[in-house]
Amino acid sequence: MMGDRISYDGAEVVRMLEAGLDKLNPIRYDSKYKGLLGERVIEKLNHWDRVIRQQKNEPITIVVCGEFKRGKSSLINALLGEEVVTTDITTETITINKVCYGPHSNEIVLSGGKRILLRDEELKSEKLREILKSSDGARQLVLKRPNEFLKKATIIDTPGLGDSLADFTDDVAQALRMADAVIYVFSVAYPISTQEQFFIKTCILPQKYTDFILVGNYSDMIDSEEDYQRSKEVVCRRISDILPQAEPVLVSALDERSRQIEKPRPNPDLAPLLEAAFRELRDKLSLLLEDKRDFVIPDRVQRLTLAMLEDIKKETDAIEQGLTTDAEQAREQLKNSEKRKEEMVSEQQKILDLIDKRCDVHRADSVKWIEALLNLLEADTDTLLTKVTTDDIKRFYTLFCVETLQKAFEKCSEHYLSEIYHDLSDVSPELTKQFSFNSATISPKFIFEVNNNTYTAGDQVAFIGSAVESQLGTGFLSFITNYVGGTMREKEIEKKSPDYIASIKQQLSQLHLSVVPALSKEYRNISDQAKEQILAFFDNELQEMEHTVAQTVSVSGRDAETKEEIRSAIDYLNAILLDLSHTFD
């Protein structure tokens, strides 16, 4: 067919678009149009003109995102083949890192166009933390390197999702809107939580022209090739509803960097498999960059132009409504807007009440479940010595308890978060997107320790479990162990067995008093986060409605001659916007 032989010149499409934007200049720069259309319309036209023209000069942009401490920065360094992005960064020092091609330099971007040049040694966590604290308004760290990969693409390294992202939501949302491709990084140890699934669904997939690559990191922790394949199958099942055709790539950034600098590999048995997996990731990116090379700019400016057209249409609709509204109808609109405000406030309160009610119900159910689980663990302690050795109890039972409780907490949080997302999606998809950026996760902290007084202090085994721990991030079981292999006579171990069992029973009983209240507290935190998003959403809706009504009423009060001038200005603007919309036909 003839249609199959049609090709497009991306550069020509951009030239056509710029010519269309140039036609808007008389409106943007003539004070007459500001008086007729209003200052807000002109400000929006200026904003979109600046954004669209700037983006046509940007190279292909790859945004790397994921929860905190999933190895995003390590993955970037492995892709580049050199240590560019700081990997020991903490929640106090998060920034958005822009890694791009150019002579070697490091800059902190401040508000007002100011920049701070940094030496390489100042990128280390401790020094960078102090610099960022003293740098008011620091939003981005720009790292330029003469790297071959960066000739083809700029990489945006985002902060971890969840609490550590709180101050960077708008920046990351903007980065995703501008992304030509997104690499979402998760850990193979805890693949694709409910929160991560919702973030992918609400914040990434709606970006129409964005390619998506799902990457599992830390694959060197997997024991065998069979477990590697099982891990991939688990990920595919978990995301089948939102990404039915997804082919996740499971890699190890640590293994790849070790290979590059010829250091011992973290898992020699899986080294060939991990090397092949990273090569697969590189091939995917190379193919993506090659395919997008000619069309990334037109795709990007089309995405932005369509957003501009939608944004400006809201303004012109309000103005046009005012042109056909008389004084009496304007008064009626004001009256109706006040009534709508009352309805929105009532609607908002119903949703807030629903969140509170759902929180109470789910919290009560989860508390019962956790208490039942603790009762089962307590009952099981009497049979421990008939199943395993005392030495195994000392070495592994703590870890077993902590992991069991952690998985229970994760199930509780996943179920409750699913319900909250469902409630918010009934209100607005935009609301679920905002909650995906900022939602809290259950993070109860608990301490469980098996004492062994026959070991030295250095031989003590202690595990501290936390659903959110600064070193490992949201959703991970973290544990700290100071185990040093000492020597013990078997009969001394057996002599202490009753003491171990008694200690375990006592601590499991005490966990009822510490873990369950922590679970209740964190459920309330999730509810509060959801309610904050609801309040912000309705506040924005009210402001937009008030602006629209005010615009309509203002135009309706103009004299007939001025209304005719406004009509001519609107027709002129709409004709240009219509031509712009046809640029991509």
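Computation of the quantities below employed the complete heavy-atom set of this structure, encompassing side-chain atoms and omitting hydrogens, waters and symmetry-equivalent molecules. The first residue of the sequence shown is numbered 1, and numbering continues consecutively from there.
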If only atom types and distance count, is the side chain of [X] paired as donor or acceptor with the main-chain N or O of [Y] below 3.5 Å?
X      : Y      : value
Ser425 : Thr432 : no
Asp227 : Ile222 : no
Ser219 : Val251 : yes
Tyr228 : Leu250 : yes
Asp211 : Ala181 : no
Asn217 : Arg70  : yes
Asn77  : Val84  : yes
Arg257 : Leu75  : no

N/O donor-acceptor pairs under 3.5 Å from side chains in residues 269-284, not counting sequence neighbours:
| from | atom 1 | to | atom 2 | distance (Å) |
| --- | --- | --- | --- | --- |
| Arg282 | NH1 | Leu79 | O | 3.1 |
| Arg282 | NH2 | Ala78 | O | 2.9 |
| Arg282 | NH2 | Leu79 | O | 3.4 |

Partners passing side-chain contact (heavy atoms from CB on, under 4.5 Å) against [X] (at least two apart in sequence or in another chain):
X      : answer
Thr61  : Val63, Ile156, Asp180, Arg300
Gln543 : Asp539
Arg237 : Glu233, Val234

* **All salt bridge (charged side-chain N to carboxylate O under 4.0 Å, His left out) counterparts of Lys152, not counting sequence neighbours** => none

* Would you call Glu148 and Lys151 a salt bridge, using N to O less than 4.0 angstrom? -> yes

* Asked: Is any NZ, NE, NH1 or NH2 atom of the basic residue among Glu107 and Arg115 found under 4.0 Å from an Asp or Glu carboxylate oxygen of the other?
  -> yes

* Structure fact -> Smallest heavy-atom separation, Tyr523 atom then Cys359 atom, equals O-SG, 3.8 Å

* **Nearest atoms (heavy-atom pairs only) where Val188 meets Tyr218** => CG2-O, 3.4 Å

* Asked: Relative to the ring of Tyr421, is the ring of Phe198 parallel (under 30°), tilted (30 to 60°) or perpendicular (over 60°)?
  -> parallel

Counting only pairs under 3.5 Å, give me each side-chain donor-acceptor contact of residues 40-47, with atom names and distances, residues two or more places apart or in other chains.
| from | atom 1 | to | atom 2 | distance (Å) |
| --- | --- | --- | --- | --- |
| Arg40 | NE | Glu315 | OE2 | 2.9 |
| Arg40 | NE | His547 | NE2 | 3.3 |
| Arg40 | NH2 | Glu315 | OE2 | 3.2 |
| Arg40 | NH2 | Glu544 | OE1 | 3.3 |
| Arg40 | NH2 | Glu544 | OE2 | 3.4 |
| Lys44 | NZ | Asp311 | OD1 | 2.8 |
| Lys44 | NZ | Glu315 | OE2 | 3.0 |
| Asn46 | OD1 | Arg28 | NE | 2.8 |
| Asn46 | OD1 | Arg28 | NH2 | 3.4 |
| Asn46 | ND2 | Ile42 | O | 3.3 |

* To do: Carefully, step by step, assess Asp157 and Lys72 under the rule salt bridge (charged side-chain N to carboxylate O under 4.0 Å, His left out).
  => CA-CA 7 Å; Asp157 180 22; Lys72 299 185 295 294; 5.5 Å; no

* Asked: Taking atom NE2 of His422 as the centre, does the number of heavy atoms from other residues, nucleotides or ligands within less than 6.0 Å exceed 12?
  -> no

